[in-house]
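This is a predicted model, so every value here is computed, not measured.
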There are 2 protein chains.
Amino acid sequence: MKKEYRSHCPINFSQEIFGDKWSLLIIRDIMFKGKRYYGEFLNSEEKISTNILADRLEKLEDNKIIIKVSDVNNLSKFIYTLTDKGIDLLPLLLEMIVWGAKHDKQTKAPPEFINRFISDKESLILEIKKNLHFD
Amino acid sequence: MKKEYRSHCPINFSQEIFGDKWSLLIIRDIMFKGKRYYGEFLNSEEKISTNILADRLEKLEDNKIIIKVSDVNNLSKFIYTLTDKGIDLLPLLLEMIVWGAKHDKQTKAPPEFINRFISDKESLILEIKKNLHFD
DNA sequence: CTGTATCCTTAGGGATACTG
DNA sequence: CAGTATCCCTAAGGATACAG
């Protein structure tokens, strides 16, 4: 696990944890697409390779963003879910969706989602959070 | 300039533009510390190296996040400022500050800033934005 | 001092083979 | 299928030298 930070500026802290091209996509898949299994992450649109996926899952787990538990229905696989610390990233991800959707002319973000967030931020956050607690 | 994206998911789009360890620190320096010159960025706490700084300034400019103009008072240097697209990153950066401050026990984020954002998000955003328009 | 360029090392990442 | 491991190439980044 990472122990030394270049600084304790909260932006730097955040970037040292998930400031790469893949980590937030995994979090996105759990948060918005309900994915929980290794194979589901592998099949995401951006085609992450298996070594990178394993590495990022481990780093996210080390940083207590996700938690990995055995699937009681199939002991040879694991379920990856967000911790509370991971769920706390929701507002940040939503702002990223709004920014990306606004500035990418080819965005795939559904306008009704963006509009709902803009007009009714807090209730949307609460609604999504409800679905993130599996325990 | 980057032309092909792995996908047009807005989170992926965002991460392909500023999903690295340095870009958002430059934006932070402009946004919250009023920095505008190459040398000011070089002196930031995290000690970015000069080649990386030059590369990121160029990429941010290519992506229309910042704009580079000659300093009329000193024609051998440039002033780097945020475009509207860059200023649009403010809410995202603020959420990142909140998350980082909450989850880094050694954070340097001033609690009064965090509290103000949590209790009075919109007015804080407006106030900061006012100071970002130099034109 | 404002950048650019070069050298070199390390980290990121793609392809693919492999184990249970 | 779930994940690990290896091979190899490219991109990121640090140090430092250099030019205006």
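- Put simply, CG on B:Leu42 is 10 Å from P on C:dC1, counting in whole angstrom units.
- Rounding to whole angstrom units, CD1 of residue A:Ile52 and C1' of D:dG3 are separated by 14 Å.
- Among the protein residues, B:Phe78 comes within range of the sugar-phosphate backbone only, with heavy atoms under 4.0 Å from sugar or phosphate atoms but none that close to a base.
- If you measure from atom CG of B:Asp20 to atom C1' of D:dA11, you get 12 Å, rounded to the nearest angstrom.
- A donor N or O paired with an acceptor N or O is found under 3.5 Å between the base of C:dT4 and the side-chain atoms of B:Thr50.
- Taking the six-membered ring where the residue is Trp, B:Tyr38 and B:Tyr80 present tilted rings, their angle falling between 30° and 60°.
- A:Trp22 has a side-chain polar atom (N or O) that falls below the 4.0 Å cut-off from OP1 or OP2 of C:dG13.
- With DNA chain D read from its 5' end, the first of the two nearest nucleotides for A:Lys68 and A:Arg6 is the one closest to A:Lys68.
- In this entry the distance linking CZ of A:Phe41 with P of D:dG3 reads 9 Å, nearest Å.
- Atom CD of B:Glu46 and atom C1' of D:dG14 are 16 Å apart (whole Å).
- Between B:Lys21 atom NZ and D:dA11 atom P there is a gap of 18 Å when expressed in whole angstrom units.
- For the pair A:Asp55 CG and C:dG14 P, the computed distance is 12 Å after rounding to whole Å.
- Using a 4.0 Å cut-off, some side-chain N or O of B:Lys59 falls inside it from OP1 or OP2 of D:dA12.
- Listed pair B:Tyr80 / C:dG3 meets the phosphate criterion, a side-chain N or O lying under 4.0 Å from OP1 or OP2.
- Minimum atom distance to the side chain of B:Asn51 is reached by C:dT6, of the listed D:dA5, C:dG14, C:dT6.
- Side chains of B:Asp104 and A:Tyr5: no donor on one and acceptor on the other come within 3.5 Å.
- A side-chain donor from one of A:Asn12 and A:Glu16 sits under 3.5 Å from a side-chain acceptor of the other.
- Rounded to an integer number of Å, the gap from CZ of A:Arg56 to P of C:dG14 is 10 Å.
- The 12-atom threshold is exceeded at CG of B:Leu42, counting heavy atoms of other residues, nucleotides or ligands nearer than 6.0 Å.
- Within the 4.0 angstrom heavy-atom criterion, base atoms lie near A:Ser49.
- Residues A:Ile128 and A:Ile125 fall within the same hydrophobic cluster, defined by Ile, Leu, Val, Met, Phe, Trp and Tyr side chains chained together at heavy-atom separations under 4.5 Å.
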